[in-house]
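We count ligands from 1, going down the list as the structure has it; atoms in each ligand are counted the same way. If you read the sequence from its start, that first residue is 1, and numbering goes on from there.
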Amino acid sequence: MCSVVGYVGKRSCRSFILEGLRRLEYRGYDSAGFACLCPRDSRLLYAKAVGRLENLEKKLKKEPIDGYVGIGHTRWSTHGAVTEHNAHPHFDCNKTISIVHNGIIENCYALKRQLEEAGHVFFSATDTEVIAHQLEVLLLSHVTLKKAIIDLVNKLEGAYAFLVLMENYPDCIVLVRKRSPLCIGIGDDELFIASDPLAFAGNSSKVCFLPDESFAIVKADQIELYDFKGHALPIKVQELTIDWVNQERKGHEHFMLKEIYEQKEVIHATVDFLRQISNEVWQYMGITQETAQSLKSFNMIGCGTSYHAASIGKFFFEKITKIPAYVHLASEFRYMPFFPSENSVYLAVSQSGETADTLEAMRMLQTHHVPTVALTNVASSTMVREADGFLLTQAGYEIAVVSTKAFSAQLTVLYWLAHRLALEKGLINQQQMHMAQEDLLVVAQLLESCMENYRMDITHSVAKEYAQSQNFIFLGRHESYPFAQEAALKLKETAYRYALCYSAGELKHGPLALIDVKTPVFVFSSQDPLIYQKLLGNVQEVKVRGGHVVAFTFEHQKELQLLADRVFIIPDVKPLLGTIAMTGLMQLLVYEIAKELGRPIDKPRNLAKSVTVE
Ligand code: AGP
């Protein structure tokens, strides 16, 4: 998941491209690069830097290259180490062709071998560079750029979105898209190009999303769009109002903390949105009312945090809507034998709406003609455009790489949808539906007050106490097991600590051997009385072996409070809302542990916000 950004027009391309990369840096930040054509003689000029975008900006202050047409890139490496050599843009032998690329060229090794045998010299270890050398060969043998691009794309395998800037075609940029997102913002005699329209929000609201398997040759005042066979395609322009509010941290030290504290208002905004669409929700989802009434099961696919939210959502559908719910890890699901469930719907859960694993799983489902619905936080995302229907969380831009407010927003939608389906099926009445919405607003308040109750403890002592532990065990049962998985993921990706997560009932089947006083055991309780009793037994198993237990427990659960070494008490809430109630507290504790360890927090090492490669 890298970012590509381009500009061609009457203004300085560098300032726009750097701003666009800054906005999309969430997609990857191992290195960054910029190329443009010199306005005087169309020579290719470029600069690259390892690390964050600011390193490139420093370089460009010293070497202020600029022009009216240019391309830029921030990288999350897939092929080739994080070095300046491997930073984009990449070039052909003569450095007259430059490429920035998001995606993976899956047949890069075979192509590279052929090209090296033909005498091409490679400067980098990336898959991307193959594109430049291959295009170099094709341009030597073809009179038209269009024909060369057609032959090029028919040689490349994989998922990719790349931009080409060439000395011999000084007033144009070539855009090529297969699977990975790419769009054009149309201005007045200028074009803005990016992986995500967020890059040019405020500069243009007229957006053309490149169709899958298409390429464009663009100049400041014209767009030629073709499919991979060279057939001209219509330029479909959408009006997209993305109000890029300059995402300030609003006084918080990190975006992650800001977004943790935004969750109460996010849940309110999401409930308000759902209330407004309640009567048209099936149209939004792209299904009929009859289909909703006759649903016999509910399927969800996702990755990472979205998968954990869906796994908690499973309990909502099974306990409230009384239908079986199945949750699939997208990266596994698409390679498994698929047996379409009758009378079911498939919900792709994704904050970004661009995650390749989830997107490709959704596309696989569409080949089986089952109803697909995107639950995302980004209205302009590929998943929203390609699914049969959609639902939107109202979390606002989530800038921190680690997902926080999107998670609670996803739980909010899933809890609401379970009730809305139950209402459609006649299992609950309007009053109960209304109560469910009110319960969500109550739990939003509790999420915030739980954080306030413990903030001082956590910031002044608790975080320090646990920051030195190298290993952690996280336990949950029932709906709090996927919650424990989410908590463990947060600690891994924010604090870089080994957090093993188990369903508490599994501990005695082996992992109990890991219990020692140096390994804190975090237990996330459930309000289900039977599950709570079982969980109590599991905690006993830990305690009698000298384990140290930190319990996220509910007000009435006195036994667990007495048993644990440290407790975080969550007010009693409506059944199944306990995970939302303890979400902020869990995230805040992880945040403070990571801060205590001096981690970068908003952009953890090795990660990126939107994983648009498989
Ligand atoms: C969340 O903290 C992680 N950054 C990651 O697991 C993320 O949830 C996952 O990559 C899925 O992203 P999506 O929700 O945008 O599809």
Point to revise | Closest non-hydrogen atom pair, Ile260 against Leu588 | key: CD1-N, 4.1 Å
Exercise for review: Would you please indicate if the ring centroids of Phe390 and Tyr284 are separated by under 6.0 Å?
Suggested key: yes
Check your understanding: Is the shortest distance from a Lys or Arg side-chain nitrogen in Arg363 or Glu386 to a carboxylate oxygen in the other one below 4.0 Å?
Key -> yes
Review point. Do Glu479 and Thr579 have side-chain N/O donor and acceptor atoms under 3.5 Å apart?
Key: no
Check your understanding: Which residue supplies the protein heavy atom nearest to atom 6 (O) of ligand 1, what is that atom called, and how far is it?
Key -> Gly304 CA, 3.2 Å
Exercise for review: Flag this pair as yes if the NZ/CZ of Arg385 is under 6.0 angstrom from the six-membered ring centre of Phe209 and inside a 45 degree cone about the axis; otherwise no.
Suggested key: yes
Revision key, fill the gap. Quick note on ligand 1: atoms under 4.0 Å from a heavy atom of Leu489 include exactly 6 (O)
Point to revise | Phe315 ring center within less than 6.0 Å of His478 ring center | key: yes
Exercise for review: Return yes or no for this condition: an N or O of Thr358 is under 3.5 Å from an N or O of ligand 1.
Suggested key: no
Check your understanding: Can you tell me which residue and heavy atom of the protein come closest to atom 4 (N) of ligand 1, and the distance to 0.1 Å?
Key -> Val401 O, 3.1 Å
Practice item. Mark up the atoms of ligand 1 that fall under 4.0 Å of a heavy atom belonging to Gln351, in ascending order. Key: 13 (P), 14 (O), 15 (O), 16 (O)
Exercise for review: Only counting residues at least two apart or in another chain, list the ones meeting salt bridge (Lys or Arg N to Asp or Glu O under 4.0 Å) with Glu318.
Suggested key: Lys314
Practice item. Look at ligand 1 and say whether Glu354 reaches it with a heavy atom at a distance under 4.0 Å. Key: no
Exercise for review: Determine whether the side chain, the backbone, both or neither of Leu607 has a heavy atom under 4.0 Å from any heavy atom of ligand 1.
Suggested key: neither
Check your understanding: If you measure only the distance, is there a donor-acceptor pair under 3.5 Å linking the side chains of Glu354 and Ser381?
Key -> no
Point to revise | Nearest-contact summary for atom 12 (O) of ligand 1 - protein heavy atom, Å | key: Thr355 OG1, 3.4 Å
Study note, to complete from the structure: The closest protein heavy-atom partner of atom 15 (O) of ligand 1 is Ser352 OG, 2.7 Å
Review point. Is any N or O atom of Ser350, backbone or side chain, closer than 3.5 Å to an N or O atom of ligand 1?
Key: yes
Exercise for review: Mark yes or no for whether Ser449, through its side chain, and Leu446, through its backbone, hold a donor-acceptor pair below 3.5 Å.
Suggested key: yes
Revision key, fill the gap. When distances are taken from atom 14 (O) of ligand 1, the protein heavy atom at minimum range is Ser306 OG, 2.5 Å
**Study point:** Sub-4.0 Å atoms of ligand 1 with respect to non-hydrogen atoms of Thr305
**Key:** 1 (C), 2 (O), 6 (O), 8 (O)
Point to revise | Asn377 heavy atom under 4.0 Å from ligand 1 | key: no
Exercise for review: Run the ring-centre check on Tyr307 versus Phe333 and record whether the distance is less than 6.0 Å.
Suggested key: no
Study note, to complete from the structure: Closest to atom 2 (O) of ligand 1 among protein heavy atoms sits Glu493 OE2, 2.4 Å
Check your understanding: Nearest protein heavy atom to atom 11 (C) of ligand 1, by residue and atom, and its distance?
Key -> Cys303 O, 3.5 Å
Revision key, fill the gap. the protein heavy atom lying closest to atom 10 (O) of ligand 1 turns out to be Val611 CG2, 3.7 Å
Check your understanding: Would the Phe522 and Tyr466 ring centres measure less than 6.0 Å apart?
Key -> yes
**Study point:** Distance filter under 4.0 Å to Ser403 heavy atoms, resulting ligand 1 atoms
**Key:** 1 (C), 2 (O)
